[in-house]
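Everything below concerns the one structure shown next.
We name chains A, B, ... by the order of the sequence lines, and we start the count at 1 in each one.
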2 protein chains.
Amino acid sequence: MTVMQTTPAATGRANPADICSAPPRRHPRPDGQDRYTISEVVAFTGLTAHTLRWYERIGLMPHVDRSHTGQRRYSNRDLDWLEFVNKLRLTGMPVADMVRYAELVREGESTYADRQELLESTRRDVLARIAELHDTLAVLDRKISFYATER
Amino acid sequence: MTVMQTTPAATGRANPADICSAPPRRHPRPDGQDRYTISEVVAFTGLTAHTLRWYERIGLMPHVDRSHTGQRRYSNRDLDWLEFVNKLRLTGMPVADMVRYAELVREGESTYADRQELLESTRRDVLARIAELHDTLAVLDRKISFYATER
DNA sequence: GCCTTGCCTGGAGTGCACTCCAAGGCCATA
DNA sequence: TATGGCCTTGGAGTGCACTCCAGGCAAGGC
């Protein structure tokens, strides 16, 4: 199980107002015009509207801004957060743990150490998962080539 | 019941009657003495007894041999199958798909092509999953190094 | 004989992560 | 004015993969 080239990491410097380091992705609209409806966010993230509301209810999504009629208006920063959450989800992290991380973020800079620790533990899980998958790949390849030669 | 001492045991070459290519792992006991109780299999696979019985009920585990009193006696081949199933499980394959594969195996050699196809599709999923995890790793590394330098 | 341990069964229950429902508000266009 | 589209809510429902339960059988030790 050959393990991975670790990425050179943090090239992007953090926006001082940002919760964490800046993601390398463009937003659909520039800051200032970033008041997306829920259906725009659905189109952009691939999550359902149900799931977006549910994330908010359980505290995984911080207080989303509202229009004067009470409809949600998501910002670019909300989009960044959702993208990150999605990545965590893909690692298999339970939603409860993501909520825990969200709570740490809400508590401010004093939780940097805890957050780092949490992410490092997640990182170890991801590496283990990748190794497992490489292992599985070897088994699959063996079986596939058996079927390929046997017929 | 005495559980587990991993004996060096049988060189697991491919039994000609075997369903597929041979796994590279040693069995706890050589062929001929391979009549494991359910609790031995629990210790060996890490699955629970409940899960083992459930796998059998839903058709994921082929007909396990029984003692004269009706208790399950697992063979080395059963262990191999469980190990493979466990690998498939780790890929995130739904149980229903694994049952489908088990059915193909039961149907015999005529299903080689179908089985190959199924495994190749699984293989593609695994590769995609690995790529996703690498992506996530990059994000984690960026955030971790942010937290590391920021305090 | 009795107790403990290990195992058996069908069916019900659990936890997670959504997913949907019913009832209703707001607003633009016809 | 009405029709349709998009949005709101709390709470109930769903699907998956187990996980547990009640009641019972068989074997070995005291």
Please determine if [X] and [Y] form a salt bridge, counting it only when a charged side-chain N lies under 4.0 Å from a carboxylate O.
X: Lys87(A); Y: Asp135(B); result: yes
X: Arg123(A); Y: Asp141(B); result: yes
X: Glu56(B); Y: Arg66(B); result: yes

Would you kindly give the [atom1]-to-[atom2] distance between [X] and [N], to the nearest whole Å?
X: Tyr74(B); N: dC7(C); atom1: OH; atom2: P; result: 10 Å
X: Glu56(B); N: dT9(C); atom1: CD; atom2: C1'; result: 12 Å
X: Ile58(B); N: dT9(C); atom1: CD1; atom2: C1'; result: 17 Å
X: Glu40(B); N: dT5(C); atom1: CD; atom2: C1'; result: 15 Å

Does Arg89(B) reach a base, just sugar-phosphate, or nothing at all? Heavy atoms under 4.0 Å. sugar-phosphate
Which part of the nucleic acid does Thr37(A) contact within heavy-atom distance under 4.0 Å: base, sugar-phosphate only, or nothing? sugar-phosphate
Reading DNA chain D from 5' onward, which residue's closest nucleotide shows up sooner: Thr51(B) or Gly70(A)? Gly70(A)
Give the ring-plane orientation class for Tyr147(A) versus Tyr101(B), where under 30° counts as parallel, over 60° as perpendicular and anything between as tilted. perpendicular
Arg72(B) side chain N/O closer than 4.0 Å to the phosphate oxygens (OP1, OP2) of dC7(C)? no
According to a strict under-4.0 Å criterion, is Arg66(A) in side-chain N/O contact with OP1 or OP2 of dC26(C)? no
Hey, are Asp125(B) and Thr122(B) close enough side-chain-wise for a donor-acceptor pair under 3.5 Å? no
Does Val41(A) offer a backbone N or O that forms a donor-acceptor pair with the side chain of Thr45(A) under 3.5 Å? yes
Per the atom types in the model, does the base of dG11(C) pair as donor or acceptor with the side chain of Arg57(B) at under 3.5 Å? yes
Starting at the 5' end of DNA chain C, which residue's closest nucleotide do you reach first, Met98(A) or Thr69(A)? Met98(A)
Below 4.0 Å from chain B heavy atoms, what is the first contacting nucleotide of DNA chain D and what is the last? dA17(D) to dA27(D)
What's the shortest heavy-atom distance between Ser75(B) and Tyr36(B), and which atoms? C-CE1, 4.0 Å
